**Student:** 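Please see the structure below; I have some questions.
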Amino acid sequence: MKRPICISLPLLAAVLICRALMAQEAPGELNQIVGDVDNYRDKNVRMTLRLKRYDPLFEKISFYDSRNHDIEFDLSDRLVKRRLRDSLLDLHEGLRYEVTFTVRGLSPLGFVIGDIVEFRPLLLKLLPEAP
């Protein structure tokens, strides 16, 4: 005789929550953020972007995605410069970086406005760590 399978309610809830979280993928392009800016506002977003330009005079850094949409970050704040000091020492235009930033909203022209949190070359993520 077969016995019925009993699933506890907390286990079922945990499985459903995990599936819902996995369904919310990180955006692959800046257009996805522009189209749904209210869901991304004041949240940290991690994207793979390429470095376009670093301007030490005006303290700006800009990246672009796979569709050549740009996002520019202001580095003039002293705390931001201190936090990103090591990352700014070795920059290469066109190199892919894993960029984490907080979405603040959209500019009047429709560009994403955000505050940079960190960025790391994607190559460092792909290299195996030493034991």
Side-chain angles (χ1 to χ4, degrees):
M1 179 176 235
K2 294 182 180 179
R3 293 184 181 177
I5 298 174
C6 296
I7 298 176
S8 67
L9 189 59
L11 178 63
L12 182 62
V15 169
L16 292 176
I17 289 172
C18 288
R19 292 187 104 197
L21 290 176
M22 289 186 334
Q24 295 177 353
E25 296 180 10
E29 299 173 356
L30 292 170
N31 276 350
Q32 292 175 345
I33 296 175
V34 171
D36 200 13
V37 73
D38 291 331
N39 285 340
Y40 290 107
R41 190 180 311 270
D42 296 326
K43 292 183 182 175
N44 283 351
V45 176
R46 179 174 290 155
M47 295 179 67
T48 300
L49 303 170
R50 292 183 184 264
L51 178 66
K52 182 176 184 180
R53 181 182 326 116
Y54 170 60
D55 188 354
L57 182 64
F58 293 106
E59 297 177 334
K60 304 269 186 196
I61 190 167
S62 58
F63 295 91
Y64 63 95
D65 66 1
S66 60
R67 296 203 180 229
N68 290 331
H69 296 118
D70 295 351
I71 184 166
E72 186 175 76
F73 300 104
D74 183 26
L75 302 176
S76 61
D77 186 50
R78 196 176 335 168
L79 296 175
V80 173
K81 279 193 284 193
R82 187 177 300 149
R83 186 176 64 233
L84 300 175
R85 176 180 48 220
D86 293 336
S87 299
L88 293 172
L89 292 176
D90 191 28
L91 296 174
H92 300 283
E93 292 180 1
L95 187 66
R96 296 172 74 190
Y97 287 87
E98 188 177 63
V99 182
T100 305
F101 60 96
T102 305
V103 177
R104 295 293 175 213
L106 293 177
S107 71
L109 297 175
F111 296 115
V112 178
I113 299 172
D115 298 327
I116 192 162
V117 176
E118 69 174 350
F119 64 95
R120 291 181 33 186
L122 195 61
L123 292 174
L124 292 181
K125 186 177 181 181
L126 300 176
L127 293 175
E129 295 183 20

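Keep in mind that this is a model prediction, so the values were computed, not measured. When reading the values below, keep in mind they use all heavy atoms of this one structure, side chains included, and skip hydrogens, waters and symmetry mates.
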**Student:** According to a hydrophobic-cluster definition based on side-chain heavy atoms being under 4.5 Å apart (Ile, Leu, Val, Met, Phe, Trp, Tyr only), do Met47 and Tyr54 belong together?
**Tutor:**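 Both belong to a single hydrophobic cluster.
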**Student:** I want to check something: taking the side chain as every heavy atom from C-beta on, are Phe63 and Leu30 in contact at a cut-off of under 4.5 Å?
**Tutor:**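 The answer is no; the side chains never approach within 4.5 Å.
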**Student:** Can you name the residues that form a side-chain contact (heavy atoms from CB on, under 4.5 Å) with Arg82, not counting sequence neighbours?
**Tutor:**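 Scan of Arg82 (side-chain contact (heavy atoms from CB on, under 4.5 Å), adjacent residues dropped) gives Arg78, Leu79, Arg85.
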**Student:** In terms of hydrophobic clustering (I, L, V, M, F, W, Y; side-chain heavy atoms under 4.5 Å; direct or indirect links), are Val99 and Leu123 co-clustered?
**Tutor:**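 Same cluster: Val99 reaches Leu123 through Ile, Leu, Val, Met, Phe, Trp or Tyr contacts under 4.5 Å.
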**Student:** Could you please spell out the steps behind the side-chain contact (heavy atoms from CB on, under 4.5 Å) verdict for Asn31 and Asp65?
**Tutor:** CA-CA 9 Å; Asn31 276 350; Asp65 66 1; 5.8 Å; no
**Student:** With ILVMFWY side chains joined below 4.5 Å, transitively, what does Leu57's cluster contain besides itself?
**Tutor:**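 When side chains under 4.5 Å apart are linked, the cluster holding Leu57 also contains Phe58.
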**Student:** Report the hydrophobic cluster partners of Leu89, with the cluster defined as I, L, V, M, F, W, Y residues connected by side-chain heavy atoms closer than 4.5 angstrom, directly or transitively.
**Tutor:**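 Taking Ile, Leu, Val, Met, Phe, Trp and Tyr as members, Leu89 stands alone, with no cluster partners.
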**Student:** Could you measure the distance from the NZ atom of Lys43 to the CD1 atom of Ile33? Nearest 0.5 Å is fine.
**Tutor:**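 If I round to the nearest 0.5 Å, the distance is 11.5 Å.
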**Student:** Would you say Val45 and Leu51 are hydrophobically clustered, going by side-chain heavy atoms of ILVMFWY under 4.5 Å?
**Tutor:**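 The answer is yes; both residues are in one hydrophobic cluster.
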**Student:** Mind jotting down which residue pairs meet the side-chain hydrogen bond (donor to acceptor under 3.5 Å, both in side chains) criterion with at least one end in residues 90-99? Sequence neighbours excluded, please.
**Tutor:**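 Counting only pairs at least two positions apart or across chains, the side-chain hydrogen bond (donor to acceptor under 3.5 Å, both in side chains) contacts touching residues 90-99 are Asp90-His92, Glu98-Lys125.
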**Student:** Side-chain heavy atoms under 4.5 angstrom apart, residues restricted to Ile, Leu, Val, Met, Phe, Trp, Tyr: same cluster for Tyr64 and Phe119?
**Tutor:**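 Different hydrophobic clusters.
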**Student:** Show me the pairs that pass ring-ring contact (aromatic ring centres under 6.0 Å, His included) and involve residues 69-88, at least two apart or across chains.
**Tutor:**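 Sorted result for residues 69-88: Phe73-Phe101.
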**Student:** List for me each residue that meets side-chain hydrogen bond (donor to acceptor under 3.5 Å, both in side chains) alongside Thr100, sequence neighbours excluded, and say none if there are none.
**Tutor:**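 Listed in chain order: Arg46.
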**Student:** So Arg53 and Ile61, do their side chains get closer than 4.5 Å, heavy atoms only?
**Tutor:**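 Of all side-chain heavy-atom pairs linking Arg53 with Ile61, none is under 4.5 Å.
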**Student:** Quick check on side chain to side chain contact (heavy atoms under 4.5 Å, CB included): which of Ile71, Thr102, Leu75 does Ile116 satisfy it with?
**Tutor:**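 Only match with Ile116 under side chain to side chain contact (heavy atoms under 4.5 Å, CB included): Leu75.
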**Student:** Considering only Ile, Leu, Val, Met, Phe, Trp and Tyr, and joining two whenever side-chain heavy atoms are under 4.5 Å apart, list the other residues clustered with Leu109.
**Tutor:**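 Members other than Leu109 - counting any ILVMFWY side chain reachable under 4.5 Å - are Phe111.
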**Student:** The criterion is salt bridge (charged side-chain N to carboxylate O under 4.0 Å, His left out); which residues satisfy it with Asp38, sequence neighbours excluded?
**Tutor:**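 Only Arg41 meet the salt bridge (charged side-chain N to carboxylate O under 4.0 Å, His left out) criterion with Asp38.
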**Student:** In chain order, what residues pass the salt bridge (charged side-chain N to carboxylate O under 4.0 Å, His left out) check against Asp70, with sequence neighbours excluded?
**Tutor:**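 Partners of Asp70 under the salt bridge (charged side-chain N to carboxylate O under 4.0 Å, His left out) test: Lys52.
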**Student:** About how many Å separate OG of Ser66 and CZ of Arg50, when rounded to the nearest 0.5 Å?
**Tutor:**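 Separation between the atoms: 9.5 Å.
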**Student:** For Arg67, what residues pass the salt bridge (charged side-chain N to carboxylate O under 4.0 Å, His left out) criterion, not counting sequence neighbours?
**Tutor:**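 Per chain and number, Arg67 pairs via salt bridge (charged side-chain N to carboxylate O under 4.0 Å, His left out) with Glu29.
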**Student:** In chain order, what residues pass the side-chain contact (heavy atoms from CB on, under 4.5 Å) check against Leu106, with sequence neighbours excluded?
**Tutor:**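 Listed in chain order: Val34, Val37, Val112.
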**Student:** Under the side-chain hydrogen bond (donor to acceptor under 3.5 Å, both in side chains) definition, can you give me all pairs with a residue in residues 110-123, not counting sequence neighbours?
**Tutor:**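 Qualifying pairs, neighbours excluded: Arg104-Asp115.
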**Student:** Examine Leu88 and Leu49 and state if one hydrophobic cluster contains both, with Ile, Leu, Val, Met, Phe, Trp and Tyr joined whenever side-chain heavy atoms are less than 4.5 Å apart.
**Tutor:**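 They do share one cluster, since a chain of ILVMFWY contacts under 4.5 Å joins Leu88 to Leu49.
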**Student:** Any heavy-atom pair between the side chains of Glu59 and Val80 that's under 4.5 Å?
**Tutor:**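 No, their side chains stay 4.5 Å or more apart.
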